[in-house]
Peer 1: 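The structure is given below, and queries will be raised subsequently.
Given the structure is predicted, the values throughout are model-derived calculations rather than measurements.
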Amino acid sequence: MDSTIFALFFIAFLSTTRAFDPCPSSKPESDGSDLSIIHIYGKCSPFNSPKPTASWTTTVLNMASKDPQRLTYLSSLVASKPITSVPIAPGQVINTGNYVARVKIGTPGQLMFMVLDISADTAWVPCSGCTGCSSTMFSQNTSASYGQLDCATSECVQSHGLSCPTSGPSSCLFNQSYGGDSSFLATLSHDNLQLANDAIPSFVFGCIGAVSGKSIPPQGLLGLGRGPMSVLSQSGSLYSGVFSYCLPSYRSYYFSGSLRLGPNGQPKTIKFTPLLKSPHRPSLYYVNLTGVTIGRVLVPIAPELLGFNPSTGAGTIIDSGTVITRFVPAAYEAIKEVFRNQTQGPFTSLGAFDTCFSVTHEDIAPKMTLHFTGLDIVLPMENTLIHSSAGTLACLAMASAPDNVNSVLNVIANLQQQNLRILFDTVNSRVGIAREICN
């Protein structure tokens with residue numbers, strides 16, 4: 001090879017190598033509305049696991065053990081008494097999210113790693129001067145576009161702001177509980193929000209001034225629900241009520257997936273199932289799960305245990321904040337029995353999982369199919385089983401809703417969503433699901 005050509009080739013190779021970023025803020029092929037989303041304890045996250053020396057499997061098991069708190073929150077949203085959809089409600093309990101995205105707030109933009117939650121409508125960040133917050137805070141005083149909402153505004157009334165003074169202007173203050181053991185006080189504010197290359201001006205969020213407890217996401221939360229204060233609603237026509245995400249395998253070293261906002265770049269060939277809406281909590285993403293097949297056996301589950309009931313809030317939702325899929329107890333017991341009948345025991349328990357068996361029998365474990373209206377999803381084994389840290393056990397990665405929760409919800413959780421593109425089209429009331437390698 002000519003030495004000049006070789007030199008040029010070598011320089012080009014080095015340039016390509018140096019340009020590689022295993023933790024990009026947006027996907028290389030992005031058209032401006034495609035963000036990287038990372039696991040909160042993944043290699044690309046700035047946050048440390050509560051137990052840094054634990055294996056990744058142990059970390060997942062520890063997170064799954066907190067699912068009952070999440071189920072308690074989700075169940076509280078579908079209580080028999082109708083709940084008015086509000087941007088931020090006092091006393092409302094939200095549980096920790098599992099995924100974060102790099103976003104920028106203010107002018108100039110300040111980088112924040114905010115938790116994404118498709119079952120929440122609100123947004124809030126810790127602000128400069130906050131008591132009890134982490135070291136990374138939004139410096140609202142240095143943002144040229146920051147402003148506070150007055151106590152008399154409709155947004156403040158919706159957010160259940162604290163009592164307004166009898167005369168004169170006043171900022172909208174509100175408090176909120178989080179995680180069952182934490183709470184914060186915030187000021188309803190607005191500023192520019194940047195997602196990849198997209199900008200949402202005057203985005204309304206809570207600017208946190210004081211925190212009590214240790215469960216508040218360190219750099220805030222971004223709600224992707226269907227309520228009036230979510231990202232979808234505040235972005236107006238920018239995203240046309242459409243977004244999708246793809247969560248990579250838990251075995252992925254960097255664990256970086258993508259959040260795609262708007263109709264551009266969405267899959268051309270994808271099957272849809274209707275997106276349903278409950279009057280009790282219109283923000284949640286309900287789908288009609290009609291049955292579960294294990295191997296070739298259709299699990300005998302009474303239709304009312306899976307079906308959507310708008311009067312009670314019962315049914316099945318897709319959620320990004322729950323780790324493992326949970327079924328109402330009677331449905332899960334039926335699923336567990338059929339699965340065990342096609343798998344070789346003896347069976348043991350491991351953390352939240354009650355159907356664990358030797359990995360030497362994994363090759364005979366049956367596949368699971370989730371049947372939705374107009375759509376069947378065959379779960380890959382990595383979406384069905386999880387292994388112990390020692391690698392000697394394989395466990396069915398699903399569980400029953402906790403006994404102390406009067407739950408009427410089945411929750412399709414993020415471990416079962418690995419390497420699937422989940423597309424939400426709120427305008428046309430449909431959810432699309434397709435296989436995709438998300439890493």
Side-chain angles (χ1 to χ4, degrees), residues 40-41 45-52 66 69-70 73 86-98 100-117 120-153 155-165 168-193 202-223 229 321:
I40 194 167
Y41 299 135
S45 171
F47 307 117
N48 295 321
S49 169
K51 297 181 179 180
K66 299 177 182 179
Q69 292 175 295
R70 178 76 176 183
Y73 160 63
V86 297
I88 304 172
Q92 190 178 36
V93 177
I94 308 173
N95 213 310
T96 293
N98 300 317
V100 295
R102 295 179 180 93
V103 305
K104 290 184 178 181
I105 303 177
T107 306
Q110 300 175 38
L111 179 64
M112 304 293 286
F113 284 79
M114 298 181 70
V115 163
L116 300 174
D117 191 342
D121 299 326
T122 64
W124 33 265
V125 296
C127 288
S128 180
C130 174
T131 302
C133 288
S134 66
S135 57
T136 301
M137 292 178 278
F138 169 58
S139 179
Q140 70 275 24
N141 296 327
T142 62
S143 173
S145 48
Y146 174 80
Q148 297 181 350
L149 272 71
D150 188 83
C151 191
T153 61
E155 291 90 347
C156 187
V157 174
Q158 285 182 311
S159 67
H160 290 192
L162 302 178
S163 298
C164 293
S170 175
S171 298
C172 177
L173 300 177
F174 63 91
N175 55 24
Q176 181 171 325
S177 298
Y178 186 92
D181 61 353
S182 301
S183 61
F184 63 78
L185 178 68
T187 303
L188 200 62
S189 308
H190 63 87
D191 208 333
N192 292 335
L193 175 70
S202 299
F203 183 80
V204 177
F205 63 97
C207 189
I208 300 178
V211 164
S212 174
K214 299 181 179 180
S215 297
I216 305 298
Q219 297 186 28
L221 178 141
L222 200 62
M229 298 299 287

Peer 1: Rounded at 0.5 Å granularity, tell me how far CH2 in W124 sits from CG in L222.
Peer 2: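 Here the rounded value is 11.0 Å.
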Peer 1: To the closest 0.5 Å, what do you measure between CG (L149) and OG (S171)?
Peer 2: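 Here the interatomic distance stands at 9.0 Å.
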Peer 1: Please check: side-chain N/O of T107 versus main-chain N/O of S143, any donor-acceptor pairing under 3.5 Å?
Peer 2: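 No, the answer is negative, given that no donor and acceptor are paired below the 3.5 Å cut-off.
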Peer 1: My understanding is that only residues two or more places apart in sequence, or in another chain, count here; which of them pass side-chain hydrogen bond (donor to acceptor under 3.5 Å, both in side chains) with T136?
Peer 2: none
Peer 1: Does any non-hydrogen side-chain atom of N175 lie less than 4.5 Å from one of S183?
Peer 2: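 S183 does not reach N175 side chain to side chain.
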Peer 1: I need the L173 CG to C151 SG distance, nearest 0.5 Å.
Peer 2: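 L173 CG to C151 SG: 7.5 Å, rounded to 0.5 Å.
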Peer 1: If you look at every heavy atom in P126 and G220, which pair is closest and at what distance?
Peer 2: CD-N, 3.7 Å
Peer 1: Take the SG atom of C127, take the SG atom of C133, and say whether they are under 2.5 Å apart.
Peer 2: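 Disulfide absent: SG-SG distance not under 2.5 Å.
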Peer 1: For the CZ atom of F184 and the CD1 atom of I208, what is their distance to the nearest 0.5 Å?
Peer 2: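 Spacing of CZ (F184) from CD1 (I208) equals 4.5 Å.
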Peer 1: Calculate, to the nearest 0.5 Å, the distance between atoms OG and CD belonging to S189 and Q140 respectively.
Peer 2: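 Going from the OG atom of S189 to the CD atom of Q140 covers 7.5 Å.
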Peer 1: Does the plane of the ring in F138 sit parallel, tilted or perpendicular to the ring in F205? Use 30° and 60° as the thresholds.
Peer 2: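 Perpendicular.
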Peer 1: How far apart are the closest heavy atoms of L188 and F174, and which atoms are they?
Peer 2: N-CE2, 3.7 Å
Peer 1: So which of T142, V103, V125 actually passes side chain to side chain contact (heavy atoms under 4.5 Å, CB included) with Q110?
Peer 2: T142
Peer 1: Hey, does H190 have a side-chain heavy atom less than 4.5 Å from the side chain of F203?
Peer 2: no
Peer 1: For A120 and L221, which heavy atoms make the closest approach, and how far apart are they?
Peer 2: CB-CD2, 4.1 Å
Peer 1: How far apart are the closest heavy atoms of P218 and S134, and which atoms are they?
Peer 2: O-OG, 3.1 Å
Peer 1: Report the C-alpha distance between V100 and Q219 in whole Å, list the side-chain angles of each, state the deciding distance to 0.1 Å, and finish with yes or no for side-chain contact (heavy atoms from CB on, under 4.5 Å).
Peer 2: CA-CA 9 Å; V100 295; Q219 297 186 28; over 6 Å; no
Peer 1: In Å, rounded to the nearest 0.5 Å, how long is the span from CG of D191 to OG of S202?
Peer 2: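 Result: 8.0 Å between the selected atoms.
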Peer 1: Please name the pair of heavy atoms, one in C130 and one in M137, separated by the smallest distance, quoted to 0.1 Å.
Peer 2: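 The answer is CB-SD, 3.7 Å.
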